[in-house]
4 protein chains.
Amino acid sequence: MNSDVKMMIQQSFASQSLMHTLGAEISSLKNGSVDIIAPILESSRQQHGFAHAGLTFSIGDSAAGYAALSTLPAGHEVLTTEMKINLLAPGKGERLIARGKVIKPGRRLIIVQSDVYAIENDIETHVALMTGTMMPLSPK
Amino acid sequence: MNSDVKMMIQQSFASQSLMHTLGAEISSLKNGSVDIIAPILESSRQQHGFAHAGLTFSIGDSAAGYAALSTLPAGHEVLTTEMKINLLAPGKGERLIARGKVIKPGRRLIIVQSDVYAIENDIETHVALMTGTMMPLSPK
Amino acid sequence: MNSDVKMMIQQSFASQSLMHTLGAEISSLKNGSVDIIAPILESSRQQHGFAHAGLTFSIGDSAAGYAALSTLPAGHEVLTTEMKINLLAPGKGERLIARGKVIKPGRRLIIVQSDVYAIENDIETHVALMTGTMMPLSPK
Amino acid sequence: MNSDVKMMIQQSFASQSLMHTLGAEISSLKNGSVDIIAPILESSRQQHGFAHAGLTFSIGDSAAGYAALSTLPAGHEVLTTEMKINLLAPGKGERLIARGKVIKPGRRLIIVQSDVYAIENDIETHVALMTGTMMPLSPK
């Protein structure tokens, strides 16, 4: 990937305060696929102590969005226009990893998918399947 | 609504640490409809300073889930099995309010909807339309 | 609604052969909302003799698409980019009616909703809730 | 796969009159994955002569449903409770093939995915990504 695009993604991610609040980090950044990892913090849980679906959604959406952005020239941005999440299992463990990828690139719309896994004692469990649409915005 | 159910919802909400992290509160609690309000905290934002879609999703999902729970006898729980969000406008303003309601009650599945609004200078803007499915869990 | 737009919608609908195969007709056409009605033909059923979800989806998608088109100047077209359907009850009765409406108009994307009802002995049952995204295409 | 389950799926499919109307056939039947193929008939089109999204949805939904059913003991049935379709490209060509598979089996809910391809001169184009939820029904 172009190093300008890489830097743009890292700067954008760093300026998302919710990602910081959730302890999320980009763990892989390739053309068309981005991974985001987050601990299941004491402050990110639902009523049974598992990862809140809001945490799962947040990192899955961001991973998919940056996967889309990684396919565009530097200076672009993307907006999520819609995202569906199917929850497959409780988010139980030490951390979550969201693997976002581009299903179909495009100038007007980019179709994306994210798969989110909970990691407990180094074993991954598939906890969410997400599909969505990103809209590219050209530089002004 | 039954006061046991009301208490059960308030206790469940209080034990969701992510809701506390996001500053969210239940602002209305009726049979089949629940509202959740949250400030757009400095720590809940995306890269342009607006509400992160993860915040929008989190309170919309919780409002819909508690709306579903409000239709069940005390002792039940609900799980989100799927949720789709269409984002309509940027989450710009001081706070968000999610209005969750039950579209179709059921013993096996409950179909729900949440509409999320951004509030800026007392003016509400519709920022998200969410539809999803909740699965009731009987008391053990 | 502009009579050119009205005619454009009726011509477009008439040229969708699947609508003809399913016996579907436009039963109401207003700015931002379009209804489509279809009999539950012997040839449109699932294995229990109820309306096939494919029939429900087809008229719900078309009603939503034409609701979107009704908000655009003559000469435009729309494409469905995504649509989610929640099925609420079996499609039991003589016919289905899909009521499509625009939730959020736009130049780049139009967010739409369709509610589909089964009609049996003049009683309507809500059988599907659909939300989706339409992409306007300018005249060439 | 158990031959009783195979026969049950073929009988169920044969009794879906819409599948017959659309010219659809099961082209592959394995444990957890089912393919359905359909010609793009003159009677299954949208206004530009391509496959109608209703055709794409119908075979994608059925392929996913039978993939779910293939994982259950004989005598069960499944109901689609929700399905989302992202449309990736026009359905242009001679026929469509829907490849349904189970993402997560379960007693209460089965999460499924279908990918639909248009085939033109033996070349496949990915036209739709579908994810959904099937609800198993036990024999009465």
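Looking at Asn86(B), both its backbone and its side chain come within 4.5 Å of chain A, counting heavy atoms on both sides. When heavy atoms are compared at a cutoff of 4.5 Å, Leu22(B) approaches chain A solely by way of its side chain, counted from C-beta outward.
Annotation: maximal heavy-atom pairing with chain B below 4.5 Å, among Ala51(A), Ala14(A), Gly60(A), Gly54(A), occurs at Gly54(A). Here Arg45(B) is the residue among Glu82(B), Arg45(B), Glu42(B), Met19(B) with the most heavy-atom pairs under 4.5 Å with chain A. Ranked by heavy-atom pairs under 4.5 Å with chain B, the first of Leu41(A), Thr81(A), Thr133(A) is Thr81(A). Top candidate by heavy-atom pairs under 4.5 Å with chain B, chosen from Leu87(A), Ile85(A), Leu129(A), is Ile85(A). For the set Thr80(A), Thr131(A), Asp61(A), the entry with the most heavy-atom pairs within less than 4.5 Å of chain B is Thr80(A).
Annotation: side-chain hydrogen bond (donor to acceptor under 3.5 Å, both in side chains) contacts involving residues 11-29 of chain B, sequence neighbours excluded, comprise Gln47(A)-Gln16(B), His52(A)-Gln16(B), Ser12(B)-Tyr66(B), Gln16(B)-Ser62(B), Gln16(B)-Tyr66(B).
Going from atom CG of Leu18(B) over to atom CG of Leu55(A) covers 7.0 Å, rounded to the nearest 0.5 Å. Annotation: the span from Glu77(B) atom CD to Gln46(A) atom CD amounts to 9.0 Å, rounded to 0.5 Å.
Residues Lys84(B) and Met83(A) have side chains not in contact (no heavy-atom distance under 4.5 Å, counting atoms from C-beta outward).
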